[in-house]
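Here the structure is laid out as structure tokens; the discussion comes afterwards.
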Number of protein chains: 2
Amino acid sequence: MVIDCGDCPLRKLEGFQKVKPDELAFLKRFKVGELSVDKGAPILMEGANSPQLYTVLRGMGLRYKLLPNGRRQVVNFVLPGDFLGLQAGVMGEMKHSVEATTRMVLCVFDRSELWTLYKHHPEQAFDLTWLASIHEHFLGEALTSVGQMSAEQRICWGLLRFHERCNDAGLADGETCPLPYTQQDLADALGLSLVHTNKTLTKLRNRQILAWRDGYLRFLDREKAETSAMLERDTSRPRPLI
Amino acid sequence: MVIDCGDCPLRKLEGFQKVKPDELAFLKRFKVGELSVDKGAPILMEGANSPQLYTVLRGMGLRYKLLPNGRRQVVNFVLPGDFLGLQAGVMGEMKHSVEATTRMVLCVFDRSELWTLYKHHPEQAFDLTWLASIHEHFLGEALTSVGQMSAEQRICWGLLRFHERCNDAGLADGETCPLPYTQQDLADALGLSLVHTNKTLTKLRNRQILAWRDGYLRFLDREKAETSAMLERDTSRPRPLI
DNA sequence: CGACGCGTTGAAACTCGTCAATTGGTGTGG
DNA sequence: CCACACCAATTGACGAGTTTCAACGCGTCG
């Protein structure tokens with residue numbers, strides 16, 4: 001029933017680092033079970049201090065912050081391989097919420113073992129810092145996108161990055177990948193209104209740059225999309241997987 | 001000439017964690033010298049793989065990304081106590097540039113010792129993850145600000161956060177703190193045009209909310225500023241200082 | 001003295017947000 | 001089986017916030 005870390009389907013993918021046998025042994029002990037949640041379910045709440053850490057095995061979700069005025073910022077989309085709860089692990093509480101967009105399956109780790117990890121498994125400790133840095137990098141790029149780019153550029157940027165991450169997670173099929181979110185989710189991620197997001201998507205579709213229908217995204221003219229998004233070259237090496 | 005880590009003036013401040021004697025001994029070995037740079041000088045460049053890591057001792061700077069179209073996103077302001085170069089340390093290259101806004105003095109650390117830190121000093125390793133998480137948190141908040149707030153709200157948010165950080169660094173005097181940046185710097189940080197930033201600052205000054213003149217920022221009505229910024233309560237505990 | 005950087009101000013143009021209404025699909029209860 | 005509610009996507013109209021363009025003042029520096 002519960003997947004053995006040694007057989008983890010994610011680790012077989014190219015985008016993730018290989019792991020040494022003794023490190024694997026620790027991960028097996030670190031993992032205390034699996035959690036399956038329904039579409040729409042909350043996973044972590046802002047301000048809470050979760051006793052558990054998670055790695056996404058299957059499904060998609062999103063991280064977001066709610067403002068007192070009711071507005072919402074989607075901080076990023078959550079895909080298989082993502083590690084959840086590290087902020088609470090080191091800072092004492094979550095700074096954003098996480099909820100499931102589709103049904104999800106999560107590996108559950110015991111947070112009280114986190115210190116053991118730092119004490120006896122420096123490789124994994126390094127990996128955790130790496131993961132935090134990757135997030136920092138992504139958020140810096142998102143900030144740049146929202147701060148400096150037009151609606152069309154932001155949408156191209158956001159969807160290209162998403163497709164790239166789907167690819168890493170083994171979910172993309174050529175230029176096509178699943179995109180189970182609503183236009184409102186995308187709008188909240190890019191700092192745009194729903195209406196303007198919809199109209200800009202229509203333009204991109206009419207200009208044969210991309211299509212998004214029935215939960216699937218497809219790039220028809222990746223060249224144009226990338227030019228619009230001003231993407232920095234991707235120098236990512238295999239990511240750690242905890 | 002060179003400050004001994006044991007006498008570090010920053011560590012005496014309340015906002016930073018105390019450190020155990022054996023940890024201090026390692027920091028002393030880790031520190032290889034001090035670097036003094038002039039106003040306007042580049043410190044780290046995007047894409048570069050710096051062999052050194054820095055902690056700011058004195059002075060201020062800014063982190064930024066440049067876009068192909070010439071626009072600039074200021075990712076954040078750099079104050080004493082900030083650690084620079086961690087991204088290059090774990091990910092292999094910097095994802096943004098850092099430059100000095102005033103004259104600055106930096107502690108220099110040897111990056112090749114980073115692995116020693118993870119291997120033999122788990123407390124410090126944990127602290128590095130913590131620092132990365134703090135950045136992640138800050139960038140998430142900045143993204144939310146730029147994505148969801150009006151010009152006035154963003155400016156209040158940015159300047160309040162800056163004042164708070166000055167306070168932690170022992171640079172604030174009541175409601176006043178130094179602010180050696182240009183309006184263009186602030187505009188680029190908040191995703192606003194220079195002109196609109198200027199006009200909004202004028203409004204805030206006329207409404208007696210804040211004043212920014214001659215390199216110093218002063219809050220006249222903090223209450224109103226905080227309401228405008230929708231600041232989340234600050235739950236920060238003493239930060240690690242490397 | 002002139003060049004330059006920074007702050008300031010006015011006017012015009014435009015992107016984008018808000019309001020409002022419609023469509024189509026899905027699920028639920030009578 | 002149909003009525004109804006509900007949600008996501010869509011479209012039009014209008015207005016507000018923001019950007020862009022342009023010009024000027026002021027202090028500093030060579």
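Quick note on labels: first sequence line is chain A, next is B, and so on, each numbered from 1. For the numbers below, each heavy atom of this structure counts, side chains included, while hydrogens, waters and symmetry mates do not.
For residues 209-228 of chain A, every residue pair satisfying the side-chain hydrogen bond (donor to acceptor under 3.5 Å, both in side chains) rule, not counting sequence neighbours, is listed here: His163(A)-Arg222(A), Glu175(A)-Arg222(A), Thr176(A)-Arg218(A), Arg222(A)-Glu226(A).
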5' to 3', nucleotides 12-30 of chain D under a 4.0 Å protein heavy-atom cut-off (B base, S sugar-phosphate only, - none) gives BB----SBBB---------

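Of all the heavy atoms in Pro80(B) and Leu10(B), the pair that sits closest is CB-CD2, 3.9 Å.
Taking the side chain to side chain donor-acceptor pair (under 3.5 Å) definition, one finds that Arg165(B) meets it with Asp82(B), sequence neighbours left out. In terms of the side chain to side chain donor-acceptor pair (under 3.5 Å) criterion, Asp168(A) has no residue partners (sequence neighbours excluded). Considering only residues two or more places apart in sequence or on other chains, Phe109(A) meets the ring pair (Phe, Tyr, Trp, His ring centres under 6.0 Å) condition with Phe30(A). Qualifying side chain to side chain donor-acceptor pair (under 3.5 Å) partners for Ser150(B), counting only residues two or more places apart in sequence or in other chains: Gln153(B). Not a single ring pair (Phe, Tyr, Trp, His ring centres under 6.0 Å) links His137(B) to another residue, sequence neighbours left out. Not counting sequence neighbours, Tyr54(B) has no partner by the ring pair (Phe, Tyr, Trp, His ring centres under 6.0 Å) test. Evaluation of the side chain to side chain donor-acceptor pair (under 3.5 Å) rule for Gln73(B) yields Gln148(A) as partners, not counting sequence neighbours. Take Tyr181(A) and apply the ring pair (Phe, Tyr, Trp, His ring centres under 6.0 Å) test, not counting sequence neighbours, and it matches Phe77(A), Phe162(A).
A sub-4.0 Å separation between OP1 or OP2 of dT11(D) and a side-chain N or O of Thr202(A) is present. For dT10(D), the OP1/OP2 oxygens have a side-chain nitrogen or oxygen of Gln183(A) closer than 4.0 Å.
Chain A approaches DNA chain C within less than 4.0 angstrom (heavy atoms of the protein), and the contacting nucleotides run 5' to 3' from dC16(C) to dC19(C).
Within residues 205-218 of chain A, the residues having any heavy atom closer than 4.0 Å to DNA chain D are, in order of number, Arg205(A).
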